[in-house]
Novice: 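Before I ask anything, here is the structure I am working with.
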Amino acid sequence: MFDYRGSTALVTGASRGLGAAFAEALAERGTNLVLVARSTDELNALSTRLYAKYKVQRTILSIDLADPSSPQRIAEEIERRGIQVDLLVNNAGFGLSGEFLSHDPRQAQTEIEVNVQALVALTHHFGKAMAARGKGGIINVASNASFQPLPYMATYAATKAFVLHFSEAIHRELAGKGVHVMATCPGPTATSFFEGTSTNMAPKNMDSSESVVTRTLEAFDQKRPVAYPGRMSVRLASWLPRLLPRALVVRIAAKETAKMGLHD
């Protein structure tokens with residue numbers, strides 16, 4: 001198992017949702033934290049609460065990963081402060097809903113910047129340092145959307161498919177260097193992810209952030225390359241695209257996203 005106590009984890013998108021849940025679960029394990037997000041106020045509130053409960057060290061970096069220079073800025077700030085990152089949790093991400101052509105193309109590019117390019121850059125920088133030390137861990141947050149094309153969330157699903165395949169590949173590459181890389185593929189989760197969308201999906205039909213994080217860390221401790229932290233119906237949905245014709249999978253996916261109200 002990963003030695004959490006006394007190690008340092010960098011969590012992106014840490015201010016709320018899964019990111020805050022990862023921060024809480026890791027702090028409970030005695031892990032020091034580097035918390036990265038856009039919102040300084042929310043990061044400060046989270047940092048104060050975690051210190052009061054767990055007395056772990058916290059470093060706050062208020063940085064927007066939509067900025068292409070952000071991975072380099074994070075790396076430079078970590079080096080300047082003399083922090084060694086032992087666990088990287090690439091959690092930051094967002095998804096546009098509705099028809100692809102209805103989006104401002106700059107929004108779609110930003111989605112790719114956050115979900116893919118920042119994740120790759122941070123994985124490379126901190127993964128290289130971990131490999132040189134012969135130990136470390138990387139958790140990349142993908143999605144159950146990784147397994148099929150998803151009409152009305154086309155760019156999001158494509159970015160998450162990239163995260164899954166990328167993570168599985170470098171899991172193999174780094175396995176012999178003491179660095180464990182894992183993708184986690186949650187389904188709909190009761191976070192702020194769906195804020196601003198037209199979804200009609202009720203929170204009771206979603207997994208909680210806490211349960212997703214608990215199951216993800218359990219899978220990470222078991223050295224799995226991929227975690228499926230959602231309820232059984234979510235796990236089943238990840239298998240169907242491997243068994244059915246792709247044209248049928250896309251039609252089913254379109255019906256499901258429309259049923260969730262994401263087509264508007």
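We use all heavy atoms of the structure for the numbers below, so side chains are in, but hydrogens, waters and symmetry mates are not. Throughout, numbering of the chain's residues begins at 1 and tracks the sequence.
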Novice: With a 4.0 Å cut-off, would you call Glu76 and Arg80 a salt bridge?
Specialist: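 Result for this pair is no, no salt bridge flagged.
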Novice: Take a 6.0 Å sphere around CZ of Arg215 and say whether it holds more than 12 heavy atoms from other residues, nucleotides or ligands.
Specialist: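 Yes, because the 6.0 Å sphere around CZ of Arg215 holds more than 12 heavy atoms from other groups.
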Novice: Could you tell me whether the side chain of Ile252 reaches within less than 4.5 Å of the side chain of Gln148, counting heavy atoms only?
Specialist: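 Answer no - side chains too far apart.
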Novice: Considering only heavy atoms from C-beta outward, does the side chain of Cys185 approach that of Leu164 to under 4.5 Å?
Specialist: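 They are in contact (side-chain heavy atoms under 4.5 Å apart), so the answer is yes.
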Novice: Quick one: CD on Glu210 to OG1 on Thr214, what's the gap to the nearest 0.5 Å?
Specialist: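 Glu210 CD to Thr214 OG1: 7.5 Å, rounded to 0.5 Å.
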Novice: Would you say Asn32's side chain and Val56's backbone share a donor-acceptor pair under 3.5 angstrom?
Specialist: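 Between the backbone of Val56 and the side chain of Asn32 there is no qualifying donor-acceptor contact (under 3.5 Å).
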Novice: Does the Arg29 side chain pair with the main chain of Ala25, one donor and one acceptor, at a distance under 3.5 Å?
Specialist: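 Checking the backbone N and O of Ala25 against the side chain of Arg29, a donor-acceptor pair under 3.5 Å is found.
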Novice: Main chain of Ser47, side chain of Arg58: is a donor-acceptor contact present, judged purely on distance under 3.5 Å?
Specialist: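 Yes, because the side chain of Arg58 sits within donor-acceptor range (under 3.5 Å) of the backbone of Ser47.
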Novice: With distance as the sole criterion, is a donor-acceptor pair present between the side chains of Gln109 and Glu113 under 3.5 Å?
Specialist: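 Result is no, nothing qualifies.
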Novice: With distance as the sole test, does Thr12 use its side chain to make a donor-acceptor pair with the main-chain N or O of Asn91 at under 3.5 Å?
Specialist: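 At least one qualifying donor-acceptor pair exists.
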Novice: Quickly, which of Asn115, Leu96, Ile112 forms a side chain to side chain contact (heavy atoms under 4.5 Å, CB included) with Thr155? Name it, please.
Specialist: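 Exactly one pass, corresponding to Ile112.
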Novice: Is the shortest distance from a Lys or Arg side-chain nitrogen in Asp86 or Lys135 to a carboxylate oxygen in the other one below 4.0 Å?
Specialist: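 Answer for the salt bridge query: no.
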